[in-house]
Number of protein chains: 2
Amino acid sequence: MLEFRTGLRRFVHWSEQAAAAAGLSPAVHQLLLAVRGSSTPGGPTIGELADSLVVKHHTAVEAVDRAQRAGLVVREGDAQDLRVVRVRLTEAGHARLNDLTAQHLDELARLAPSFAGLWANLDSAGHTGHTGYTGHAEDAEDARAAD
Amino acid sequence: MLEFRTGLRRFVHWSEQAAAAAGLSPAVHQLLLAVRGSSTPGGPTIGELADSLVVKHHTAVEAVDRAQRAGLVVREGDAQDLRVVRVRLTEAGHARLNDLTAQHLDELARLAPSFAGLWANLDSAGHTGHTGYTGHAEDAEDARAAD
DNA sequence: TGTGTTTATATCGTCATACGATATGCATCC
DNA sequence: GGATGCATATCGTATGACGATATAAACACA
């Protein structure tokens, strides 16, 4: 489990470094990914982005602010519902993102095999008596091993 | 890929909520896990912890400071090398951590199946022509799909 | 033994980012 | 056509990460 956590951290950390090297803050990078990954016609709304990034909407607002200031996305008002704002990638945004995506696919391909093994372990660990949370510290040694 | 990222985020976010509910800041929670997970006899050093958490050593120092102030770990000087400090969990630290670990195993067991599927996809995506990073934005559509 | 280099830990100031509380404007529904 | 609710935006605050820097012990070696 510690191994799993550390592996995850290493990937996230690596990803942030790569983004920084391309001149993107981690948050903006994630935002661009979320915008590109959206399947909503006309582009995602702020609320959808917040959901996708698992943050509150005002956090998404700030990320869009920064990305827009950097010229990577644009806000576009929705014609139907004047409350909603749709976010679209600019050409610059696309270009910046494509550079990073290729690198990420490579890195993930490199990591996937080791992670797959860890998942298998976690999966079986989950079926060996830990499915009932008691709130007590009855089996510290067992927990430590699993972790 | 966006799905993968979002899933990861959801897990991390969930984990932070669970830690907060137990009165632990995310950083301290991760620190306790790293201390417990260490196999170094006598307990991990600050440097080992920093490595395990994938942060700079002064970031680990701060986390240990906070955890120590909360009574969850103690610093112990090394007898051999007077420069190094070893970190050990207190009883309170163990107790707090055990509460959380049981929950985490449950949650991971719940998530493992869906993640396993995503890994399989990523694994194959990595072997279909993306192993050479060109630095150009030649195949935006392909990248978007993979992401 | 003395001096320079490396290693481990700690301190300081700063920055990015997330949050809660709150505000504003538009939509929708009796 | 008010009441109610939702999408977006603003403000102040807290956490946590970093680079630069400091201190002290260990080590290397003349």
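Side-chain atoms are counted along with the backbone in the values below, which use heavy atoms only and exclude waters and symmetry mates. Quick note on labels: first sequence line is chain A, next is B, and so on, each numbered from 1.
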Rounded interatomic separation in angstrom, taking [atom1] from [X] and [atom2] from [N]:
| X | N | atom1 | atom2 | answer |
| --- | --- | --- | --- | --- |
| A:His13 | C:dA16 | NE2 | P | 16 Å |
| A:Asp65 | D:dC11 | CG | C1' | 13 Å |
| A:Arg66 | C:dA16 | CZ | P | 8 Å |
| B:Leu31 | D:dA17 | CG | C1' | 15 Å |
| B:Lys56 | D:dT21 | NZ | P | 16 Å |
| B:Glu16 | C:dT17 | CD | P | 15 Å |
| A:Ile46 | C:dG25 | CD1 | P | 18 Å |
| B:Glu62 | D:dC18 | CD | P | 9 Å |

Might you point out which heavy atoms bring [X] and [Y] nearest each other, and give the distance in Å?
| X | Y | answer |
| --- | --- | --- |
| A:Leu53 | A:Gln30 | CD2-O, 3.6 Å |
| B:Gly71 | B:Ala92 | O-CB, 3.9 Å |
| A:Leu31 | A:Ala67 | CD2-CB, 3.7 Å |

> In Å, rounded to the nearest 0.5 Å, how long is the span from OG1 of B:Thr59 to CD1 of B:Ile46?
Replying inline: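 Reported value, rounded in 0.5 Å steps: 11.5 Å.
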>> To the closest 0.5 Å, what do you measure between CZ (A:Arg96) and CG (A:Leu72)?
In response: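 Nearest 0.5 Å value for the CZ-CG distance: 5.5 Å.
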All N/O contacts under 3.5 Å from nucleotides 21-23 of chain C to the protein, with atom names and distances to one decimal?
none

>> Which residues pass the side chain to side chain contact (heavy atoms under 4.5 Å, CB included) test with B:Glu62, not counting sequence neighbours?
In response: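 Applying side chain to side chain contact (heavy atoms under 4.5 Å, CB included) to B:Glu62 gives B:Arg66.
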>> Could you check whether A:Ser52 and B:Arg9, counting side-chain N and O atoms only, form a donor-acceptor pair closer than 3.5 Å?
In response: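 Looking only at side-chain atoms, A:Ser52 and B:Arg9 do not form any donor-acceptor pair under 3.5 Å.
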> In residues 69-88 of chain A, what residues come within less than 4.0 Å of DNA chain D, judged by heavy atoms?
Replying inline: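 Close to the strand are A:Arg75, A:Arg83, A:Val84, A:Val85.
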> Between B:Thr90 and B:Gly93, is there a donor-acceptor pair closer than 3.5 Å when you use the side chain of the first and the backbone of the second?
Replying inline: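 Yes: the side chain of B:Thr90 pairs with the backbone of B:Gly93.
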>> Under a 3.5 Å distance rule, please check whether A:Thr101 uses its side chain to pair with a backbone N or O of A:Leu97 as donor and acceptor.
In response: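 Answer holds: yes.
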> In residues 17-30 of chain A, which ones come under 4.0 Å of DNA chain C, going by heavy atoms?
Replying inline: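 Going residue by residue through residues 17-30 of chain A, the ones with a heavy atom under 4.0 Å of DNA chain C turn out to be A:Ser25, A:Pro26, A:Ala27.
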What donor-acceptor contacts under 3.5 angstrom involve side-chain atoms of residues 74-82 of chain B, with partners at least two apart or in another chain?
| from | atom 1 | to | atom 2 | distance (Å) |
| --- | --- | --- | --- | --- |
| B:Arg75 | NH1 | B:Asp65 | OD1 | 3.2 |
| B:Arg75 | NH1 | B:Gln68 | OE1 | 2.6 |
| B:Arg75 | NH2 | B:Asp65 | OD1 | 3.0 |
| B:Glu76 | OE1 | B:Arg88 | NE | 3.1 |
| B:Glu76 | OE2 | B:Arg88 | NE | 2.9 |
| B:Glu76 | OE2 | B:Arg88 | NH2 | 2.9 |
| B:Asp78 | OD1 | B:Gln80 | N | 2.7 |
| B:Asp78 | OD1 | B:Asp81 | N | 2.9 |
| B:Asp78 | OD2 | B:Arg86 | NE | 2.7 |
| B:Asp78 | OD2 | B:Arg86 | NH2 | 3.2 |
| B:Asp81 | OD1 | B:Arg83 | N | 2.9 |
| B:Asp81 | OD1 | B:Arg83 | NE | 3.0 |
| B:Asp81 | OD2 | B:Arg83 | NE | 3.3 |
| B:Asp81 | OD2 | B:Arg83 | NH2 | 2.7 |

Report, one line per pair, each donor and acceptor closer than 3.5 Å where one atom sits in a side chain of residues 14-22 of chain B; sequence neighbours left out.
| from | atom 1 | to | atom 2 | distance (Å) |
| --- | --- | --- | --- | --- |
| B:Ser15 | OG | A:Arg5 | NH2 | 3.0 |
| B:Ser15 | OG | B:His104 | NE2 | 2.8 |

>> C:dT17, OP1 or OP2 - any side-chain N/O from A:Thr59 closer than 4.0 Å?
In response: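 No, because none of the side-chain N or O atoms of A:Thr59 sits under 4.0 Å from OP1 or OP2 of C:dT17.
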